[in-house]
Amino acid sequence: MMNTLNTENPIEKPFRKTGDPVDLTSESPLHPRRKSRRIMVGPVPVGGGAPISVQSMTNTLTANVPATLQQIAELTAAGCDIVRVAVPSQDDADALPEICRKSPIPVIADIHFQSKYVFQAIDAGCAAVRVNPGNIRKFDEVGPDICKAATDAGISLRIGVNAGSLDKDLYAKYGGPTPEALVASALKEAHMFEDVGFHDFKISVKHHDVITMVETYRLLASKGDWPLHLGVTEAGPAWQGTIKSCLAFGALLAEGIGDTIRVSLSAPPVEEVKVGCKLLEYMGLRPRKFDIISCPSCGRAQVDVIQLASAVTEGLKDVTAPIRVAVMGCIVNGPGEAREADLGVASGNGKGQIFIKGKVIRTVPEDQIVDTLLTIANDIAAQMEADGQVPVNSTGPVVVPIQHPGH
């Protein structure tokens, strides 16, 4: 279906060399990170030990610039590092310059079928382009030009395959989108770019099945040092997709595999970012932000723990300080858990004992528990910020300031 790219004029002067050292690293407490080369998506490093970035994709009409920028702002506030926008039409391509200019985080153009949009995206100032060689018409002819344009602009590319876009010959050879088939397709694409001297790309090999996805990334990780974009494609509705993504990403990240992630949910994009950020926090791969510990509902509970935990979570949703709050509903585990948290409550008999750093500071009536916790938590957060204990961009992008020539 696709031929090897022309290698007569290999690219000689990439704007950035992959693998350049950057002082920012993110080691897993569970397993050493897989050694991968580093690329840049705008100012955000991907691979080479850089902190794992969180991506999402807007679901607005890209041509609707105000709506798209508004959604990008919401994603940024939620902790998104990199955003992708769909470019299926000329109107969408025409909107890219303004979006790139005003977006607070790097923008990746998502291109299929029409290679001309790739060049427009590069000229528009996109930080990267997602291009699927398998569905770009006459890619063997336009591929070298895409590589040169990307190199001249100093941007990276994302390549790879989804189970639904597997080359038909490979599908037939392997009997379906097996891990071996997906990796064979990814290697074919990688070699197409490398044969003309282009190395600033990351690879994704997505599948909707958790086991297949994990096996595929494990196999690909053993074949080379490309930075890997993790994703479970078509993961499903929020609850189902969250479970799938956490299982698949958790398994791979625990083995040191993965350099950037996108949680794919049939839900508002901001929910994808929330899940991705929390996943990295709980894996020890991103600084901890606000966290709440609450006991399960059970027959011992003497208060409505579900309602209490929900009210506290909602009231503290904008807190960025790394505060751990324990909301407990009975005297069995409540006091101990509450003492282990920065702030906690052990509830029962119509009242709640409020703890700070393991010490009971007061007892309040049940109807005052939420307001008391919120007041104290905000006071603690303000003091932590004043003391410099809240890192700048604690859940946002890890940025390396690099200027794009000509943009």
Side-chain angles (χ1 to χ4, degrees), residues 1-7 55 57 84 86-88 108-115 117-118 128-144 146-147 157-196 198 201-237 240-241 244-245 247-249 251-252 255 257-266:
M1 178 179 176
M2 295 174 286
N3 299 320
T4 302
L5 298 181
N6 188 328
T7 59
Q55 302 192 24
M57 185 173 183
R84 186 155 42 105
V87 188
I108 297 178
D110 190 84
I111 311 289
H112 296 274
F113 307 117
Q114 292 281 0
S115 61
Y117 298 150
V118 176
V129 177
R130 185 270 179 100
V131 55
N132 188 338
N135 61 29
I136 294 290
R137 299 186 184 105
K138 298 182 179 180
F139 186 80
D140 54 326
E141 297 178 12
V142 300
I146 289 174
C147 293
L157 301 176
R158 171 189 153 194
I159 64 172
V161 61
N162 286 5
S165 61
L166 181 64
D167 180 277
K168 63 181 180 180
D169 293 334
L170 290 173
Y171 191 100
K173 178 179 178 180
Y174 291 95
T178 64
E180 293 77 13
L182 293 169
V183 169
S185 178
L187 293 179
K188 183 178 180 181
E189 293 182 8
H191 293 152
M192 294 171 117
F193 288 91
E194 291 171 340
D195 284 348
V196 293
F198 187 81
F201 61 86
K202 61 182 182 290
I203 303 178
S204 66
V205 280
K206 295 185 175 184
H207 198 283
H208 65 84
D209 177 73
V210 170
I211 303 301
T212 302
M213 180 270 200
V214 170
E215 291 178 342
T216 302
Y217 275 99
R218 282 175 176 166
L219 181 58
L220 181 60
S222 71
K223 301 292 186 181
D225 67 348
W226 313 281
L228 300 181
H229 170 115
L230 301 187
V232 179
T233 192
E234 293 110 24
Q240 176 179 304
K244 281 186 174 183
S245 296
L247 286 170
F249 294 0
L252 291 167
E255 298 173 12
I257 297 172
D259 300 292
T260 185
I261 64 172
R262 188 235 171 147
V263 176
S264 298
L265 303 177
S266 299

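We're numbering straight along the sequence, starting at 1. Keep in mind it's a predicted model, so treat the numbers as computed, not measured.
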Subject >> Result of checking Lys202, Arg158, Gln55 against Thr260 for side chain to side chain donor-acceptor pair (under 3.5 Å) >> reply: Gln55
Original post:
Could you give the distance from CG (Asn162) to OG (Ser204), rounded to the nearest 0.5 Å?
Top reply: 6.0 Å
Subject >> Contact check, side chains of Thr212 and Pro179, non-hydrogen atoms, under 4.5 Å >> reply: yes
**OP:** Could you check if a side-chain atom of Cys147 sits within less than 4.5 angstrom of a side-chain atom of Phe201, using non-hydrogen atoms only?
**Re:** no
Original post:
salt bridge (Lys or Arg N to Asp or Glu O under 4.0 Å) with Asp225: which residues, sequence neighbours excluded?
Top reply: Arg37
Subject >> Min side-chain heavy-atom separation Trp226-Leu220 under 4.5 Å >> reply: yes
Original post:
Is any side-chain heavy atom of Gln240 less than 4.5 Å from a side-chain heavy atom of Pro237?
Top reply: yes
Subject >> Interatomic distance, Ile146 atom CD1 to Ile159 atom CD1 [nearest 0.5 angstrom] >> reply: 11.5 Å
Subject >> Residue pair Asn132 / His112, side-chain heavy-atom distance below 4.5 Å >> reply: yes
Subject >> Sub-4.5 Å side-chain heavy-atom contact between Val183 and Lys223 >> reply: yes
Subject >> side chain to side chain contact (heavy atoms under 4.5 Å, CB included), paired with Thr216, selected from Val205, Val161, Asp209, Ile211 >> reply: Val205
**OP:** Mark yes or no for whether Lys173, through its side chain, and Ala181, through its backbone, hold a donor-acceptor pair below 3.5 Å.
**Re:** no
Original post:
Between atom CG of Asp167 and atom OH of Tyr174, what is the distance when rounded to the nearest 0.5 Å?
Top reply: 11.0 Å
Subject >> Test item: Ser264 and Thr233 side chains (from C-beta on) under 4.5 Å apart, heavy atoms >> reply: no
Original post:
Looking only at heavy atoms, what is the nearest atom pair of Ala248 and Val232, with distance?
Top reply: CB-CG2, 3.6 Å
**OP:** Determine whether Lys244 and Phe249 make a side-chain contact, defined as any pair of heavy atoms from C-beta on separated by less than 4.5 Å.
**Re:** no
Subject >> Side-chain donor/acceptor of Glu189 to backbone N/O of Gly160, under 3.5 Å >> reply: yes
Subject >> Side-chain donor or acceptor of Tyr117 paired with backbone N/O of Asp110 under 3.5 Å >> reply: no
Subject >> Smallest separation among heavy atoms of Leu228 and Ala221, with atom names >> reply: CD1-CB, 4.0 Å
Subject >> Nearest atoms (heavy-atom pairs only) where Ala109 meets Val87 >> reply: CB-CG2, 3.9 Å
Subject >> Least distance between heavy atoms, Pro227 atom then Asp259 atom >> reply: CA-OD2, 3.2 Å
Subject >> Where at least one partner belongs to residues 210-221, residue pairs that pass salt bridge (Lys or Arg N to Asp or Glu O under 4.0 Å), sequence neighbours excluded >> reply: Arg218-Glu255
**OP:** Assess whether side chain to side chain contact (heavy atoms under 4.5 Å, CB included) is satisfied between Tyr217 and His207, documenting all intermediate values.
**Re:** CA-CA 10 Å; Tyr217 275 99; His207 198 283; over 6 Å; no
Original post:
What is the distance from atom CE of Met213 to atom CG of Leu247, rounded to the nearest 0.5 Å?
Top reply: 10.5 Å
**OP:** Measure the CG-CD1 distance between Leu230 and Ile261 for me, rounded to the nearest 0.5 Å.
**Re:** 7.5 Å
Original post:
About how many Å separate CZ of Arg262 and CZ of Arg84, when rounded to the nearest 0.5 Å?
Top reply: 5.0 Å
Subject >> Test item: Ser222 side-chain N/O and Leu219 main-chain N/O as donor-acceptor pair under 3.5 Å >> reply: yes
Original post:
Can you name the nearest heavy-atom pair linking Leu166 to Gly176, along with the distance?
Top reply: CD2-O, 3.8 Å
**OP:** Give the minimum heavy-atom separation between Ala186 and Ile203, together with the two atoms involved.
**Re:** CB-CG2, 4.0 Å
